[in-house]
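Shown next, in C-alpha cells, is the structure this report addresses.
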Number of protein chains: 2
Amino acid sequence: MENVVKTDRRILRTKQAITKSFLELFSEKDFEQITINEIAERANVNRGTIYLHYSDKYDLLDKCIEDHINELISLCTKQENPSVSQGMVQEPKPIFDYFRDNFPFFSAMFSNQRVFLFREQLLNFISVNLMVKMKKPDDQPDIDLELKAQFMASAFIGIVEWWIRHQMPHSTQFMADQVKSLFENNQVYLANK
Amino acid sequence: MENVVKTDRRILRTKQAITKSFLELFSEKDFEQITINEIAERANVNRGTIYLHYSDKYDLLDKCIEDHINELISLCTKQENPSVSQGMVQEPKPIFDYFRDNFPFFSAMFSNQRVFLFREQLLNFISVNLMVKMKKPDDQPDIDLELKAQFMASAFIGIVEWWIRHQMPHSTQFMADQVKSLFENNQVYLANK
DNA sequence: TAACACGTGTTGAATATTTAACGGCCGTTG
DNA sequence: CAACGGCCGTTAAATATTCAACACGTGTTA
C-alpha cells in the first residue's frame, strides 16, 4: 500500500515543475491551445523529459486530476478518528482548506467546460465516501442509500463549485459550518458535532 | 564575452533552487545559523549537489551577491542609448525596478549586519558607473571627480537602503524621479531628462 | 507544386544529480 | 571518560535528465 521505495528527488522535482507549469497555462488559455513545448519551456525542463512521465498532454491532465483526487482521499481516510465505529462522516473544514490551498487548480477545473472527467471523479469519490459512512436506514427505509449519497454529493460539489467560481467569498470555517448544517438537515451527521 | 555554450538546464535549475532556498533562509535567520542541510532540504536537492557548485555557504553567499551585482551591471550597460556621447548617466527607474523585483534579496542584504561585502561591491559599482559618465569639470574644477562619485554613490545607496528597509513605500517611478532631481541639484544630469 | 516554419514523438550518447556510505569534527549527555 | 547525535565534506555507482538529431504530420506562403 505504501511506497516502500522513496522515489528519486529528480522525479519529484520534475513532475512538480511540469504540473505547475501546465496548471498555470491551463488557467490562462484553452486546453487545446497548450503545447508540450510551452509546458516544457515554462517548467524549465527538456521537452523529451515530459514524455518520460506522460504520454501526452491529455495524460498529463488526467494525472493531475488523479493526484488531487488521491490527495482528497488520503485527506479523508487519514482523518479517521478513533470514534470511527459511529459511522460518521468527517469534519468538512479540512476539505475546504484543501480546496482553498489549491485554488488555482480547482478554479481552472470548474471554469473549463471540457473537464468532464474531473467532475465525474470528484462526484464519484464524494458519493462513495458518503455512502460508506451513511448506513442509517432506521428512520427512512424507503430511501435508497446510493441515491441519497448521489444527491448529497451533488449538492456538496455544487456548493464547492459555487464557492470556487466566486473566488471563495467565505472562509473555509464558514463553509464547513454551512455544509454541516445542511447535512444535518438531511440526517447526515458529521463527526465532532 | 558572451557565453557561447549554453549551460545545461539542470545546472541552471539547481542553482536557482539552491539560491532561492538560501535567500529565504537568509531572510529568516542569522547567516551563521544556516546549515547546508537546511538549504539542501528546502531546495529539494541532494546535499552533495551543493558542493558541486559551491565550496561552502560563504562561497554561496558570495556568488549570490556577485550574481546580483552582475545583473545590475548588465542592466546599466545594456541601457546605453545612442546618445551615449553626451556622457550622461542613465535613467534610474529600471534600477529601482530591479531592486523592487528582487526585494527579498536586497531586503535581506540590507537588514543583515554581516554583509560588508555587498555594500562595498554595490557602492564601488555605483561610484565607478557614475564617475565614468560624469566628466564635467567645467563649472567646479576644484572638486575631485572620484570624491564626488563616492559622495553621490553613497547618497544613492543610502536612499535605496532606506526605501528597501521601509518596505518600498513609494513606486519605482517616484523614486526614480526623486533621484533624478537630487542628482540634478548636484550637477549630475541624467538621460531622457 | 515546393519550400518553409512549427509541433510531435523517439532515439543514443553525454552528463548532472541522487543515493548510500564513509571518516571526521564538535557539543551534549550518561 | 565513552557514547551519542548532528553536521560536514567526499566518494563510487546508479539513474534521471539533457541535448542533438532524427522522421513525421500540418498548415502557410510564394
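Numbers restart at 1 for each chain; the letters A, B, ... are given by sequence-line order, proteins then strands.
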- Among the nucleotides dT19(C), dG9(C), dG7(C), whichever has the atom closest to the side chain of T35(A) is dG7(C)
- Message: Please pick, from dT17(C), dG7(C), dT19(C), the nucleotide with the shortest atom-to-atom distance to any side-chain atom of H53(B).
- Response: dT17(C)
Check this one for me: any side-chain N or O of [X] less than 4.0 Å away from OP1 or OP2 of [N]?
{"X": "N37(A)", "N": "dT8(C)", "answer": "yes"}
{"X": "Y51(A)", "N": "dG9(C)", "answer": "yes"}
{"X": "R10(A)", "N": "dA16(C)", "answer": "no"}

Between [X] ([atom1]) and [N] ([atom2]), how many Å, whole number?
{"X": "I50(B)", "N": "dC8(D)", "atom1": "CD1", "atom2": "P", "value": "9 Å"}
{"X": "I34(B)", "N": "dC8(D)", "atom1": "CD1", "atom2": "P", "value": "11 Å"}
{"X": "R13(B)", "N": "dA16(D)", "atom1": "CZ", "atom2": "P", "value": "14 Å"}
{"X": "I11(B)", "N": "dA16(D)", "atom1": "CD1", "atom2": "C1'", "value": "15 Å"}
{"X": "Y58(A)", "N": "dG9(C)", "atom1": "OH", "atom2": "C1'", "value": "15 Å"}
{"X": "R9(B)", "N": "dT15(C)", "atom1": "CZ", "atom2": "P", "value": "17 Å"}
{"X": "Q16(B)", "N": "dT17(C)", "atom1": "CD", "atom2": "P", "value": "12 Å"}
{"X": "N44(A)", "N": "dT17(D)", "atom1": "CG", "atom2": "P", "value": "13 Å"}

- Please confirm whether the backbone N or O of H170(A) pairs with a side-chain atom of W163(A), one donor and one acceptor, at under 3.5 Å? yes
- Can you tell me if S21(B) uses its side chain to pair, donor with acceptor, with the backbone of A17(B) under 3.5 Å? no
- For I36(A) and for T14(B), locate the closest nucleotide of DNA chain C by heavy-atom distance; then report the residue assigned to the nucleotide nearer the 5' terminus. I36(A)
- Going by atom types only, do D177(A) and Q173(A) share a side-chain donor-acceptor pair under 3.5 Å? yes
- Message: Once you apply a heavy-atom cut-off of 4.0 Å, does S55(B) come out as touching a base, just sugar-phosphate, or nothing?
- Response: nothing
- side-chain hydrogen bond (donor to acceptor under 3.5 Å, both in side chains) with E38(B): of R47(B), K29(B), K57(B), only one passes, and it is K29(B)
- Name the one of I50(A), T19(A), V45(A), L23(A) that satisfies side-chain contact (heavy atoms from CB on, under 4.5 Å) with I39(A)? I50(A)
- Which heavy atom in F105(B) sits nearest to a heavy atom in C64(B), and how many Å separate them? CZ-O, 4.1 Å
- Nearest heavy-atom contact between N44(A) and Q16(B) is ND2-OE1, 4.2 Å
Would you tabulate the pairs of protein nitrogen or oxygen atoms and nucleotide nitrogen or oxygen atoms of nucleotides 20-25 of chain C closer than 3.5 angstrom?
none

- Note on the structure: The answer to which of K15(A) and L52(B) contacts DNA chain D further toward the 5' end, by nearest nucleotide, is L52(B)
